[in-house]
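Counting starts at 1 for both ligands and their atoms, following the listed order. Heavy-atom basis, side chains included; hydrogens, waters and symmetry copies ignored.
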Amino acid sequence: MKTEIAVIGGGASGMMAAITARKSGKEVVILERKDRILKKVLITGNGRCNITNVNADISNYFGKNISSVENILNSFNPQDTMDFFNGLGIMCNEENRGKVYPLSGQASSVVDALRFEAERLGVRIETEFYVRKIEKEGFKFKIYSEERKKIEAGRVIIAAGGQSYPELGSNGSGFELAKELGHSVTKLSPSIVQLKSEKHQVKGLQGIKTDVAVTAYGDNKKICTYDGELLFTDYGISGNVVFNISFVMPLYKNVEFEIDFMEKFDYNELYEILKERKKMMSHLTMENYFNGMINKKLGQFLSKVSGIEKLSKPVKDLNDSEIRKLCTVLKKYRIKILDTTGFRNAQVTAGGVSLDEVNSETLESRIVKGLYFSGEVLDVYGECGGFNLQWAWASGYIAGKNVAK
Ligand SMILES: Cc1cc2nc3c(=O)[nH]c(=O)nc-3n(C[C@H](O)[C@H](O)[C@H](O)COP(=O)(O)OP(=O)(O)OC[C@H]3O[C@@H](n4cnc5c(N)ncnc54)[C@H](O)[C@@H]3O)c2cc1C
């Protein structure tokens, strides 16, 4: 089979690239290794698809030489994403912190809309075509599947994603294809992911969910603070706030989190509250001192961390120094982050095809003429909150527009 343009990967970015290229009248084939396209998009945003974020700009993204893609993010911005999807019948609904979802609340609407648009335009979709090799011969590319099926294309876009959630399709093979064509790939790490901590720092807390503010420190510097829900697990921590802040992991060494369990109150207010509780609960022991204020098990755990050895200690015996230590632990519980839980659980892959080797206006390779890249396969990743799909749409649009020129 022959085609003018082949897009490797029927994910978010590949679909946007294919639709955009096809609108210029070119023949486009999508080669997708799974039995269906857009498998990952279907589970994004807990099945609701956080399609973009109205606040997205270059400051939300990371990667070596990240500033080079600022013009791409500006050329196809969140409003362009919303206009594009509105044009396909997806009504966009802005929620908290600029996060945009389809009003239907279903990621499947986004999948359907992209599929219908590709069909309407006549984009060919070849599923179960696992691209294992791309060769450039003269002005043509020869693309081989695992079963040695062959397609010839004038131009190629690699939109094969990263290597997180490999069962949904993106298993890192895009990086291998890029490397075989002469590209370099920067260090790959999981991001937007659960984190492992030292076991004793979360022992017995498994299953407890609580709203907190977390400040990340790395290389002995304060990096950022996020608030949201924290979930303790047997290996460490998870929950929204952890996903949001986990982007620091590929960027810094010696990462520590400082957890504020009492964000509502500053230190002095908390001190007064604890003193008042000492009076109010003078007939109880430390086992119940935090009853109604913080999760019971967590309160008991933090009491011990603060140095109170026995929960049988009468509340009336708390001294001023102990109350101050309790305040400090409640406001500044430090935990050391050892690692992530790996690519299998990570929403995105940090690292990818080096931006130094890609034309930042067109996303064409500087090494192989006629070869383009888009989406997560490139060394670009964003914070949690719609930023990664925004990159997939924006880069897909730019690659699709330029590949068709
Ligand atoms: C659980 C989860 C939730 C997420 N939620 C959000 C969210 O709400 N908002 C947000 O902005 N981001 C979210 N993300 C991140 C976002 O989904 C990705 O950043 C985005 O899908 C990347 O798009 P892509 O097209 O580059 O890659 P992908 O969507 O991964 O698509 C790549 C495609 O290429 C195919 N492929 C790979 N290799 C080959 C090959 N060799 N031959 C043929 N086909 C191949 C794959 O099967 C896949 O279909 C989430 C991710 C996960 C895992």
Side-chain angles (χ1 to χ4, degrees), residues 6-18 29-53 56 60-61 78 81 95 98-102 107 110-111 114 125-134 143-147 149 151 156-178 180 190-194 240 243-244 247 343-350 352-353 363 373-378 380-397 399-400:
V7 178
I8 319 289
S13 203
M15 289 301 285
M16 175 59 95
V29 176
I30 292 178
L31 304 174
E32 166 55 52
R33 70 174 278 242
K34 299 300 274 188
D35 57 342
R36 295 174 68 180
I37 54 170
L38 294 164
K39 282 203 156 184
K40 192 178 278 179
V41 170
L42 203 54
I43 61 149
T44 53
N46 279 328
R48 294 203 304 133
C49 187
N50 182 189
I51 212 167
T52 186
N53 191 303
N60 306 110
Y61 293 90
T81 297
E95 297 188 8
K99 294 195 239 172
V100 177
Y101 294 85
V110 176
V111 171
L114 288 168
I125 298 174
E126 292 281 323
T127 53
E128 296 181 322
F129 195 110
Y130 184 9
V131 178
R132 298 296 278 171
K133 196 177 176 61
I134 306 175
I143 304 165
Y144 297 94
S145 77
E146 196 163 45
E147 291 89 24
K149 280 189 270 177
I151 288 188
V156 171
I157 301 178
I158 298 183
Q163 64 180 57
S164 41
Y165 269 70
E167 70 278 11
L168 299 178
S170 56
N171 60 352
S173 56
F175 301 130
E176 297 310 314
L177 295 172
E180 280 167 20
S191 190
I192 311 190
V193 59
Q194 300 95 329
N240 267 345
F243 285 139
N244 280 330
F247 76 88
F343 286 108
R344 194 157 282 282
N345 304 302
Q347 293 194 10
V348 292
T349 301
V353 173
L363 291 179
F373 295 96
S374 77
E376 210 178 299
V377 73
L378 284 161
V380 176
Y381 75 104
E383 291 176 49
C384 181
F387 301 101
N388 287 292
L389 280 176
Q390 178 56 31
W391 167 247
W393 312 130
S395 56
Y397 175 80

Fill in the blank from the handout: Taking every heavy atom of Y381 against every heavy atom of T349, the minimum-distance pair comes out as CB-O, 3.9 Å

Exercise for the section: Apply salt bridge (charged side-chain N to carboxylate O under 4.0 Å, His left out) to E95 and list each qualifying residue two or more places apart in sequence or on a separate chain. Expected result: R48

Exercise for the section: Would you please write out the protein residues whose heavy atoms approach any atom of ligand 1 to under 4.0 angstrom, listed by chain and number? Expected result: I8, G9, G10, G11, A12, S13, L31, E32, R33, K34, K40, I43, T44, G45, N50, F129, Y130, V131, A159, A160, G161, Y165, L168, G169, S170, S173, Q347, V348, G375, E376, G386, F387, N388, L389, A392

Exercise for the section: Give a yes or no on whether a salt bridge exists between K39 and E167, defined as a side-chain N under 4.0 angstrom from a carboxylate O. Expected result: no

Practice task
For F129, look at atom CZ and say whether over 12 heavy atoms of other residues, nucleotides or ligands are found less than 6.0 Å away.
Solution key: yes

Practice task
Would you tell me whether E376 and S13 have side-chain atoms, one donor and one acceptor, within less than 3.5 Å of each other?
Solution key: no

Problem - Any F373 side-chain heavy atom under 4.5 Å of I158 side chain - result: yes

